[in-house]
Amino acid sequence: MKKEPDQFLRVAGIARDSIVDGPGVRLAVFVPGCKIKCPRCHNPGTWDFNGGYVISLGDVLGMYRPQYQGLTLSGGEPFGQDEEQTAALLSLASSIHARGGDVWAYSGHYLEFLQAKNHPLLEAVDALVDGPFEWLRRDLGLKYRNSSSKRIWIKSSEGKWENATSQF
């Protein structure tokens, strides 16, 4: 049986053992490319869609450890990728779920916008930190977000999004 070719993903960076990008210890994948370009963004080096480097999903999954609680997708803007990149992110999320991990994602878009666009990646994530970064609402004491303009949503077992911002 012929092995299917591996999918590839363009990444701006990967953080192993992250403890700030969601609960527990996580693998955080930062994708390049963002059209939002929030003023005073803490990660403007990820705005260029052609930035970073290409890596196979197999190599990314090779970095995932059994002790990790899950994967975090950040950027750039994970929800602003082309079809090929989005397909690779969907495959990555599926593989993490198969390993028993959860998937968090960060977006500069609000949940309502992503729902209206029926973005496929939204179905693959278990938690979403949404909204643009607002410098005047910056608060480094907040858990899993750097501005009170951002909200944290958790998907229920029924697939409904519940605002969990106050829990963090």
Side-chain angles (χ1 to χ4, degrees), residues 1-36 43 45-131 144-145 150-162 164:
M1 177 186 225
K2 184 179 174 189
K3 183 183 179 221
E4 291 298 316
D6 199 0
Q7 280 185 289
F8 291 88
L9 180 67
R10 179 170 288 279
V11 300
I14 298 174
R16 298 180 192 196
D17 303 327
S18 173
I19 57 170
V20 296
D21 298 306
V25 181
R26 314 181 69 74
L27 182 67
V29 173
F30 300 87
V31 296
C34 182
K35 293 181 181 178
I36 301 169
N43 212 358
T46 64
W47 289 356
D48 181 1
F49 283 89
N50 296 311
Y53 58 95
V54 175
I55 186 170
S56 74
L57 286 187
D59 285 344
V60 175
L61 289 168
M63 297 177 199
Y64 192 80
R65 302 286 175 245
Q67 65 269 26
Y68 287 169
Q69 181 165 332
L71 168 76
T72 297
L73 302 174
S74 191
E77 176 56 55
F79 293 88
Q81 304 298 306
D82 65 21
E83 286 183 33
E84 185 177 343
Q85 183 85 335
T86 297
L89 292 171
L90 290 168
S91 292
L92 180 59
S94 176
S95 294
I96 296 301
H97 284 136
R99 288 170 167 75
D102 62 19
V103 178
W104 277 50
Y106 284 74
S107 178
H109 295 295
Y110 288 111
L111 172 64
E112 297 83 359
F113 174 85
L114 297 172
Q115 288 174 318
K117 294 286 185 189
N118 200 26
H119 199 288
L121 189 56
L122 202 53
E123 291 301 314
V125 300
D126 304 296
L128 175 71
V129 182
D130 78 340
Y144 310 133
R145 55 198 178 109
K150 295 191 154 293
R151 307 175 298 181
I152 300 174
W153 297 89
I154 305 292
K155 193 185 298 178
S156 72
S157 57
E158 294 82 37
K160 293 188 177 194
W161 288 102
E162 298 174 356

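Keep in mind that the numbers below use all heavy atoms, side chains included, and drop hydrogens, waters and symmetry copies. Predicted model, so just to flag it, every value in this text is computed and none were measured. In this chain, numbering begins with 1 at the start of the sequence shown.
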In Å and rounded to the nearest 0.5 Å, what is the CG to NE2 distance from L128 to H119?
11.0 Å
Distance check, rounded to the nearest 0.5 Å: C34 atom SG versus H109 atom NE2?
7.0 Å
Chi angles and distances behind the side chain to side chain contact (heavy atoms under 4.5 Å, CB included) call for R65, V25
CA-CA 10 Å; R65 302 286 175 245; V25 181; over 6 Å; no
Taking the side chain as C-beta and beyond, is there a heavy-atom pair between L121 and Q81 under 4.5 Å?
no
If you count the non-hydrogen atoms of other residues, nucleotides and ligands that lie under 6.0 Å from CD in Q67, is the total more than 12?
yes
Mind checking whether L92 and Y64 have side chains closer than 4.5 Å, heavy atoms only?
no
Is there side-chain contact between D82 and F49, with heavy atoms separated by less than 4.5 Å?
no
Is there side-chain contact between L73 and V103, with at least one heavy-atom pair below 4.5 Å?
yes
Between Y106 and S74, which heavy-atom pair has the shortest distance, and what is it?
CB-OG, 3.8 Å
If every non-hydrogen atom of S56 is compared with every non-hydrogen atom of D6, which pair is closest and at what distance?
CB-OD2, 3.1 Å
Show the numbers, then the answer: is there a side chain to side chain contact (heavy atoms under 4.5 Å, CB included) between V125 and W153?
CA-CA 10 Å; V125 300; W153 297 89; over 6 Å; no
With a 4.5 Å limit on heavy-atom distance, are the side chains of P23 and Y144 in contact?
yes
Any donor-acceptor pair under 3.5 Å linking the side chain of T46 with the backbone of G76?
yes
With E112 via salt bridge (Lys or Arg N to Asp or Glu O under 4.0 Å) - residues at least two apart:
R151
Check whether any side-chain N or O of N43 sits under 3.5 Å from a backbone N or O of G75 as a donor-acceptor pair, and report yes or no.
yes
Does the D126 side chain pair with the main chain of K155, one donor and one acceptor, at a distance under 3.5 Å?
no
To the closest 0.5 Å, what do you measure between OG1 (T86) and CZ (F79)?
9.0 Å
Inter-residue atom distance L90.CG - S95.OG, 0.5 Å rounding:
11.0 Å
What do you reckon, is CD of E84 surrounded by more than 12 foreign heavy atoms closer than 6.0 Å?
no
Side-chain (S91) to main-chain (A87) donor-acceptor, under 3.5 angstrom:
yes
Hits for salt bridge (Lys or Arg N to Asp or Glu O under 4.0 Å) against D102, two or more places apart or cross-chain, chain-then-number order -> R26
I'd like to check P32 versus D48 (side-chain heavy atoms, cut-off strictly below 4.5 Å). Are they in contact?
no
Inter-residue atom distance I154.CD1 - E162.CD, 0.5 Å rounding:
9.0 Å
In a table with atom names and distances, give each donor-acceptor pair under 3.5 Å that connects a side chain of residues 9-19 to protein atoms at least two apart or in another chain.
from : atom 1 : to  : atom 2 : distance (Å)
R10  : NH1    : N50 : O      : 3.3
R10  : NH1    : G51 : O      : 3.1
D17  : OD1    : Y68 : OH     : 2.9
S18  : OG     : V20 : N      : 3.4
S18  : OG     : D21 : N      : 3.4
S18  : OG     : D21 : OD2    : 2.6

If I take atom CG from residue L122 and atom CZ from residue F113, how far apart are they, to the nearest 0.5 angstrom?
11.5 Å
Can you see which heavy atom on L114 is nearest to which on S107, and at what distance?
CD1-OG, 4.0 Å
